[in-house]
Amino acid sequence: MSTETPIPAERGDFIREIVAADLREGRRQSIVTRFPPEPNGYLHIGHAKSICLNFGIAREFGGRCNLRFDDTNPMKEEQEYIDAIEADVRWLGFDWGEHLYYASDYFEQLYEWAVDLIKAGKAYVDDLSADEIREHRGTFTEPGRNSPWRDRPADESLDLFARMRAGEFPNGARVLRAKIDMAAPNISLRDPVLYRIVHSEHPRTGDAWCVYPTYDFAHGQSDAIEGITHSICTLEFEAHRPLYDWLIDNLPVPSRPHQYEFARLNLTHTVLSKRVLLRLVNEGHVRGWDDPRMPTMSGLRRRGYPAEGITDFATLVGVAKTDSVVEVGMLEHAVRNVLNRAASRRFAVLAPLKIVIENFPEGQVEEVEVPNNPEDPSAGTRKVPFSRELWIERDDFMEEPVRKFFRLAPGREVRLRSAYFVTCTEVVKDDAGEVVELRCTYDPATRGGDAPDGRRPKATLHWVSAAHAVPAEVRLYDYLFKSPYPGADGADLFDDLNPESETTLSGCFVEASLADVPAGETVQFERLGYFCPDPDSAADALVFNRTMTLKDTWAKLQKQGRQDTA
RNA sequence: UGGCGAGUGGCCUAAUUGGCAAGGCACCUGACUCUGGAUCAGGGGAUUGAAGGUUCGAGUCCUUCCUCGCCAGCCA
């Protein structure tokens, strides 16, 4: 308890074990990781897994995690994304301190190293076109062929490379390539492109450059410059590791980072691909990157998911090298878990049905005391007005109750939460036979929700006073994709889009205090689920998003019943 | 087809490196309950991708095979 060891006691995932061993066996004195997003889109929950891994390791092992933007492709990158990414990482609860970097910070150094490589005869300027380079590359089974420019004198490459930088050539005219092995079974070693000409405004460096390093030439060297010890990336970069190492081996870099790969996160009922997410936005399937149905950080935030739920989820799924698809249910579990603990409870009626308590004095208003969070007594209580006319949930009444339906029905007594027991005495219908109102009586002796004679209703209902409740719009969300595996076995994943992923309810009535819920806070509407105010919400026009429902065994029973009869 | 990687209950992840296959999610049952929530207790579910081999003993080591993923951008 008194001694502090930088090495956590419990065994972790395979990467943490490597980190611990490197420390324990003296290969490393301290740990430096990095989260290296490309600012060409918004962060999603898959990135959260990587963020939690990199920042988590730094935190646990007393090290540091840099935030580094991998901004080597000015055609796709924008400042807007840089800003959003920073905000998202912060929101998750991580801090990079002073260590905010950009690969573009290193462009000059990278250029010099490229020159070193040319001088050493390990890189050359190639005049072949992109198509020709592809043809020369060979295939999985056939080796590639050397470019005719491969053995051009270093001086010539040097001159050409300088002129590429000077802007003498158009996009695609020439590239700088590493001279490795055109017959390598690993295709990324067949003289990979190191630099290409891109005449394009860069969000950070403007028009200072018209040659840009490729990912392969920038990433490992950036790691080395920053003293990254463990460069953690996803599985698809595994084949690049030999190239990563080759560059580190052949350049006078100041440190020796190592790359480790883990399986990226996949989730059922959604898609975590920047390309597809971009299409969802651009084609109007959602209203934007922060649409509450999106798996983006900003979408989840707007949906009301607490950051802690997401980081807990990352811990829950672990880190391994097996391609996997995690059931969304696990995310929902993590989120419910923190919300159940922290969210304060309120009353809201989504599909209102009026009840009139005939023996309750007209015009009288009583304030009943309601606990804000039964899970957390320190959250205190609040006063909620109770009167003769109330709204209850339509689903909480059945004229002809089926088996196992415990809620209100003609002649049945239920408890109105924290208020009184009421009994339904009469059902009022309109001409069409629709139930429009219930007449009830209440038992004044049950004030607060307990009967002196100890009788206990089988159901407790939420309610709001008709005269005091405020109207609201509530947006219900469901999975963006109907199929757990959108686009599986060749199907067009856009065919799997769930047309009911968003349902807007108007005419809801909510407790007046709900007008004061601050942005970013998620509350529980008792018995219904977790909800948060949407940015569209205004003082005189409240809008709530349903973050998720409570676990609902009644709904499950109903669903099962439907299946049984079907 | 060449290279690389991965296969453990429906899903995710462990297994002290050769010693009784464990935990979480999901599911089911019961208890409790002023949320049909939460909580608590219990339960079902695994030939560890397959077949051989080594061994007293294999998820772990060897051989062969099968399946899946990634790689042929001047994307990352």
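Chain naming here is simple, since letters A, B, ... match the order of the sequence lines and numbering starts at 1 in each. Hydrogens, waters and symmetry mates are skipped; everything else that's a heavy atom, side chains included, is used.
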### Task
Both distances under 3.5 Å, Watson-Crick or G-U wobble: report the partner of G52(B), or none.
C62(B)
### Base of C75(B) and ring of Y215(A) stacked, centres under 5.5 Å, planes under 30°
no
### Task
Could you check whether A130(A) gets within reach of a base, just the sugar-phosphate, or nothing at all, counting any heavy atom under 4.0 Å?
base
### Query
On a whole-Å scale, what distance lies between the P atoms belonging to U48(B) and A41(B)?
30 Å
### Query
Looking at the side chain of E526(A), which of A76(B), U35(B), U1(B) is the nearest nucleotide?
U35(B)
### Task
For nucleotides G52(B) and U47(B), find the distance between their C1' atoms and express it as a whole number of Å.
15 Å
### Message
If the cut-off is 4.0 Å, is H333(A) near the phosphate of C25(B), judged by side-chain N/O to OP1 or OP2?
### Response
yes
## Note on the structure
For A22(B), the nucleotide meeting Watson-Crick or G-U wobble distances (both under 3.5 Å) is U13(B)
### Task
Check every atom of C75(B), U35(B), G36(B) against the side chain of R407(A) and return the nucleotide holding the closest atom.
G36(B)
### Task
Could you check whether E38(A) gets within reach of a base, just the sugar-phosphate, or nothing at all, counting any heavy atom under 4.0 Å?
sugar-phosphate
### Message
Let's test your reading of the model: under 3.5 Å, does the base of U1(B) pair with the side chain of E142(A) as donor and acceptor?
### Response
no
### Query
Is there a donor on the side chain of H136(A) or the base of A72(B) sitting less than 3.5 Å from an acceptor on the other?
no
### Task
Using a 4.0 Å heavy-atom cut-off across all strands, classify P143(A) as base, sugar-phosphate, or nothing.
nothing
### Message
I want to know whether Y42(A) and Y81(A) have ring centres closer than 6.0 Å.
### Response
yes
#### Entry: Base partner of U8(B), which must satisfy Watson-Crick or wobble distances under 3.5 Å
none
### Task
Kindly point out which of A14(B), U35(B), C12(B) is positioned nearest to the side chain of S324(A)?
C12(B)
### Task
Indicate, with yes or no, if the rings of F217(A) and W113(A) have centres closer together than 6.0 Å.
no
### Task
May I ask you to say what T322(A) touches in the nucleic acid, namely base, sugar-phosphate or nothing, with a heavy-atom cut-off under 4.0 Å?
sugar-phosphate
### Task
For G42(B), give its Watson-Crick or G-U wobble partner with both distances under 3.5 Å, or none.
C28(B)
### Task
Compute the ring centroids of Y195(A) and F161(A), then answer whether they are less than 6.0 Å apart.
yes
### Query
Are F406(A) and G36(B) stacked, counting the six-membered base ring, centres under 5.5 Å, planes under 30°?
yes
### Message
Centroid separation under 6.0 Å, is that true for the rings of F525(A) and F544(A)?
### Response
yes
### Query
With a 4.0 Å cut-off on heavy atoms, is I197(A) in touch with a base, just the backbone sugar-phosphate, or nothing at all?
nothing
### Message
By the 4.0 Å heavy-atom rule, please label K458(A) as base, sugar-phosphate, or nothing.
### Response
nothing
### Side-chain donor/acceptor of E327(A) to base of G10(B), under 3.5 Å
yes
#### Entry: Phosphate OP1/OP2 of A38(B) contacted by K551(A) side-chain N/O (<4.0 Å)
yes
### Message
Any side-chain N or O of T72(A) below 4.0 angstrom from OP1/OP2 of A76(B)?
### Response
yes
### Task
Check every strand shown and say whether V317(A) touches a base, only sugar-phosphate, or nothing at a heavy-atom separation below 4.0 Å.
sugar-phosphate
### Query
Rounding to the closest angstrom, what is the interatomic distance between A46(B) and U55(B) at atom C1'?
24 Å
### Task
Assign the ring pair H219(A) / Y244(A) to parallel, tilted or perpendicular, where the plane angle (0 to 90°) is split at 30° and 60°.
tilted
### Message
Between the base of G37(B) and the side chain of E375(A), is there a donor and acceptor pair under 3.5 angstrom?
### Response
yes
### Residue-phosphate contact under 4.0 Å: R196(A) side-chain N/O, C75(B) OP1/OP2
yes
